[in-house]
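Here is the structure we will look at.
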Amino acid sequence: MNQLLTISQGFKTAVILGLALYVQWVGDQPMIGFVFLLIAMVAFLDGCANPIRQSLLPHYVEEKDLLRANSIAETVIQSIQVGSWFVGSSLLLLFTPSQLIWGVVVLFFMATLLLKLLPDVARMERLEKKKWVLFMQGWQSIHQTPVLKVAARMDLLESMAGAVWVAAILLVFVEEALQASSQWWGYLNGIFLLA
């Protein structure tokens, strides 16, 4: 699992590097569709990495501390997401978008190296079960555990709202209706994630 997480982060780094090179090469007139495709690839790889990250946590903490560790991990992740919108929007005042993308490339590269330093987790041998049986066991666990039910509902609603709110509606609203610069889009997204 450590290797999968590192590979996912490495691919995200490669995609962001591709974006940085593309923006550097094209200048101020990038094809927005291509840029969104690259961003969608990063989001997809994030979607692959999140379950891996969550499944690694039980290997690093004792079972009695697992609920607390999950809570702390989610709080840290949410705080980083909120802070990233505010900090990113503020950095747009100091740097060009191209410079910010290169900064993200450096941070992603550092994250990839740090992930390689994670201690390997022991592989657990599982009995061969049909995928449908495993799938149903997961849903049964969610259905039988009230905390997991609430978390699953929250995650579903957050994903649906975030996809529509962040990507499509808010940017158009800020630029067209408010006639404001795109940095306000970042501020509003930060407030949205904070709420």
(message) Test: salt bridge (charged side-chain N to carboxylate O under 4.0 Å, His left out). Region: residues 80-96. Which pairs qualify, not counting sequence neighbours?
(response) none

(message) Applying salt bridge (charged side-chain N to carboxylate O under 4.0 Å, His left out) as the test, list every pair that has at least one member in residues 90-99; sequence neighbours left out.
(response) none

(message) My understanding is that only residues two or more places apart in sequence, or in another chain, count here; which of them pass side-chain contact (heavy atoms from CB on, under 4.5 Å) with Q99?
(response) F95, T96

(request) Return the minimal non-hydrogen interatomic distance between K149 and H143, and the atom names on each side. (result) CE-O, 2.7 Å

(message) Suppose the criterion is salt bridge (charged side-chain N to carboxylate O under 4.0 Å, His left out): which pairs have a residue in residues 85-114, not counting sequence neighbours?
(response) none

(message) If the condition is side-chain hydrogen bond (donor to acceptor under 3.5 Å, both in side chains), which residues does Q24 pass it with, not counting sequence neighbours?
(response) S98, W102

Show me, pair by pair, the donor-acceptor contacts under 3.5 angstrom made by side chains of residues 103-118, not counting sequence neighbours?
{"residue": "T112", "atom": "OG1", "partner": "T13", "partner atom": "OG1", "Å": "3.1"}
{"residue": "T112", "atom": "OG1", "partner": "F108", "partner atom": "O", "Å": "2.9"}

Review item, side-chain donor-acceptor pairs of residues 64-75, under 3.5 Å, at least two apart:
{"residue": "N70", "atom": "ND2", "partner": "L66", "partner atom": "O", "Å": "3.4"}
{"residue": "S71", "atom": "OG", "partner": "L67", "partner atom": "O", "Å": "3.0"}
{"residue": "T75", "atom": "OG1", "partner": "S71", "partner atom": "O", "Å": "2.8"}

(request) Group every Ile, Leu, Val, Met, Phe, Trp and Tyr by side-chain heavy-atom contacts under 4.5 Å, then state whether L93 and F86 land in the same group. (result) yes

(request) Apply ring pair (Phe, Tyr, Trp, His ring centres under 6.0 Å) to Y22 and list each qualifying residue two or more places apart in sequence or on a separate chain. (result) F34

(request) Check which hydrophobic residues are tied to I77 through side-chain heavy-atom contacts below 4.5 Å, counting indirect links as well, and list them. (result) none

(message) Using 0.5 Å steps for rounding, measure from the CD1 atom of I7 to the CG atom of L45.
(response) 11.5 Å

(message) Applying a strict under-4.5 Å side-chain criterion to I, L, V, M, F, W and Y, I'd like to know whether M41 and I16 cluster together.
(response) yes

(request) Output all residues satisfying salt bridge (Lys or Arg N to Asp or Glu O under 4.0 Å) with D46, sequence neighbours left out; order by chain, then residue number. (result) K12

(request) Mind checking the CG-CG spacing from L19 to L38? Nearest 0.5 Å is all I need. (result) 5.5 Å

